Amino acid sequence: MIDVRLLRSEPDAVKAAMARRAKPAILEELDHAERLDARLRDITVERDENRAQINSISKDVATARRAKDDVAAEKLMQRSRELGESEKVLASEFDQVNSALREVLLRVPNIPHAQVSEGVSDQDNKVVKGPLQMPPKFADYQRVPHWETGLALGILDNERATKISGSMFTMQRGLGATMARALCQLALDRNADAFEEIRPPSLVLTSTLTATGQLPKFADDAFSIERDDLWCIPTAEVPLTSLHAGEILKAEELPLRYMAHTSCFRREAGSAGRDTRGMLRTHEFDKVEILAVTTPQQAPEMLVELTNRVESTIAALGLPYRVLEICTGDLGQSHHRSFDIEVYAPGCDQWLEVSSISWFSDYQARRADIRFKNPGAKGSEIAHTLNASALAVPRVWAAILENCRQADGSVAIPEVLQPYMRGAKVISSSSQAKP
RNA sequence: GGAGAGGUGCCAGAGCGGCCGAAUGGGGCGCCCUGCUAAGGCGUUGUCCGGGUAAACCGGACCGAGGGUUCAAAUCCCUCCCUCUCCGCCA
């Protein structure tokens, strides 16, 4: 969430920056937050003064008791009981206003970075790089959707996935399954030079999902296990961000870099009926996430580094791609600035978003309470968090099936993946067992 | 799942209604002493919120979390979470 004190000290600047998101409702919420904050501070002052009196009277009672002056003690106690009554009133008022304020703040999105270009929707996102590795022309045999190729080669079996788990689940088989895993291994290996590999839990607490911003706003998009109050992670960003929740880190150990390969679970509640074929939108998929916790000063450079890392992996796979900067109107709730990498899939003739590289400024870290301390300095500062999909399997897998399809219907495995494919260089129908 | 023990500051560890934001030891930091890496002496040592001139200072909160009792709670009561030991079950 945003810093209330910033809203308090520079309300106009905050509102001006937020107005760039092109959603007027946000400005009303900011006004609301401002009023609640002012009220809350009034109550706080009153409550603390009241408490201070009780504390001081209590000490006087102790003194009177020791002096065996029961009359004076009883008088003080009577006075304190009265103050106790008004404290109850103030405390409940405080709780009420405080939770109202928190509720509003949880729904207020992050302030966009000044350099983010203004726009209303994804139509306004700007291509900042590319298209790169785009062939002058695609052959007809590349214009085949991956779900057809996958079925023909026996490496995609969505029919049975649906039988087992219902719609919007997919299943890869044989070299298709191997390639899914190979993609993860590739992404991990390419980032292992600087990122510590984590294998986090896939089920997390409500508080964990709130820290990264998925709750309360996007509850419908996540799978939940109500009986145990657990949620299925929609991305490894969730557990990785909360790794240091509630901690005060040392400035000199920043930036911290983590990567994780996990399953990601998404209900896709708002997208029922869209992209139902193939692997473009599924309830469960594999992804390698890279994440960094930095100081505010380190963050801009880290954003560039993460972008370069993701880009280089996509480039290494030989796929046609481009880099977009997300405009203010399309920027995610928690995002301060972000870039998307899209891969072109000739079979379905679409640019597929395969990675989103995001800088959250202190928005997530404030919710998660991740701070850092400079040596010698008193107090602490809120850290910054950034993350990116190093590689999201399904869409890259799909893009490979379409881009690398050969005239005979087989799929040539990108060279960088071959070491992870037990020597296979091609996926053809003869390389697959039938049933 | 059952039984028991426990969760206190950077760490170890006392406190078990008021004089406790918390003894003591260790560590860290600063100064002093000592002619060299050792020993010793003194001082200091958290976080968050609010007020105040981003100082000094003042007030409030924090002893696993949340409630309760009390004039007053680290200390008493309740609920929950976590850790450890034993038993049970289980990849």
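Fair warning: this is a prediction, and the values are worked out from it, not measured in the lab.
Looking at residues two or more places apart in sequence or on another chain, you find no side chain to side chain donor-acceptor pair (under 3.5 Å) involving A/T241. With sequence neighbours left out, A/R47 forms a side chain to side chain donor-acceptor pair (under 3.5 Å) with no residue at all. For A/N158, the side chain to side chain donor-acceptor pair (under 3.5 Å) test picks out no residue, with sequence neighbours left out. The ring-ring contact (aromatic ring centres under 6.0 Å, His included) search around A/F339 returns none, not counting sequence neighbours. The side chain to side chain donor-acceptor pair (under 3.5 Å) search around A/S334 returns none, not counting sequence neighbours.
Nucleic acid contact for A/G379: sugar-phosphate only, since backbone atoms but no base atoms lie under 4.0 Å from a heavy atom of the residue. When heavy atoms are screened at a 4.0 angstrom cut-off, A/S80 is found touching the sugar-phosphate backbone but no base atom. Note on A/R65: a base of the nucleic acid sits closer than 4.0 angstrom, heavy atoms only. Residue contacts shown for A/S380 are limited to sugar-phosphate atoms, with no base heavy atom under 4.0 Å away. Heavy atoms of A/N55 sit under 4.0 angstrom from primed sugar atoms or phosphate atoms, though from no base atom.
With rounding to the nearest 0.5 angstrom, the CD atom of A/Q333 is 8.5 Å from the CD1 atom of A/I26.
Spacing between B/G15 and B/U85 at atom C1', rounded to whole Å, works out to 26 Å. Straight-line distance between the P atoms of B/G7 and B/C63: roughly 14 Å, to the nearest whole Å. To the nearest whole angstrom, the two C1' atoms, one in B/G88 and one in B/G67, are 34 Å apart. Distance noted for atom P between B/G43 and B/U53: 35 Å (whole Å). The same atom, C1', is picked in B/C82 and in B/G26; the two are 27 Å apart, to the nearest Å. For the C1' atoms, the distance linking B/C58 with B/G4 amounts to 48 Å, nearest Å. If you take atom C1' in B/U8 and the same atom in B/A22, they sit 9 Å apart, rounded to whole Å. Taking the P atoms as reference points, B/C76 lies 23 Å from B/U24, given to the whole Å.
For the segment residues 249-256 of chain A, the set of residues with a heavy atom within less than 4.0 Å of an atom of RNA chain B is empty. Near RNA chain B, defined here as any heavy-atom distance below 4.0 Å, the residues from residues 34-45 of chain A are A/R41, A/V45, listed numerically.
Remark: side-chain polar atoms of A/Q214 are not paired, donor with acceptor, to backbone N or O of A/A219 under 3.5 angstrom.
With a heavy-atom cut-off of 4.0 Å to chain A, the contacted part of RNA chain B has its first and last nucleotide at B/G18 to B/A72.
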Show me, pair by pair, the donor-acceptor contacts under 3.5 angstrom made by side chains of residues 62-75 of chain A, not counting sequence neighbours?
unit_1, atom_1, unit_2, atom_2, d
A/T63, OG1, A/K59, O, 2.9
A/D69, OD1, A/A72, N, 3.2
A/E74, OE2, A/R81, NH2, 2.9

I'd like a table of donor-acceptor pairs (distance under 3.5 Å, sequence neighbours excluded) in which one partner is a side-chain atom from residues 194-202 of chain A, with atom names and distances.
unit_1, atom_1, unit_2, atom_2, d
A/R199, NH2, A/S202, OG, 3.0

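The stretch residues 383-405 of chain A participates, sequence neighbours left out, in these side-chain hydrogen bond (donor to acceptor under 3.5 Å, both in side chains) pairs: A/H146-A/E402, A/T149-A/R405, A/E237-A/N387, A/W359-A/H384, A/Q364-A/T385.
Side chains of A/K287 and A/T262: no donor on one and acceptor on the other come within 3.5 Å. There is no side-chain donor-acceptor pair under 3.5 Å between A/S224 and A/E226.
For the side-chain contact (heavy atoms from CB on, under 4.5 Å) criterion with A/P234, the lone passing option out of A/D221, A/T212, A/L209 is A/L209. Screening A/L391, A/V310, A/V343 against A/V354 for a side-chain contact (heavy atoms from CB on, under 4.5 Å) leaves a single residue, A/V343.
With the nearest nucleotide of RNA chain B identified for both A/Q53 and A/I57, A/Q53 has the one nearer the 5' end. Residue order along RNA chain B, read from the 5' end via each residue's closest nucleotide, puts A/R371 first among A/R371 and A/A52.
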- Task: Treat a base pair as Watson-Crick or G-U wobble with both distances under 3.5 Å, then lay out RNA chain B in dot-bracket form, 5' to 3', with | for cross-strand pairs.
- Result: ((((((((.[[[..)..(.....]]]((((((.......))))))((((((.....)))))).[[[[[..)....]]]]])))))))....
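Counting heavy atoms from C-beta on, the side chains of A/R160 and A/F169 never come closer than 4.5 Å.
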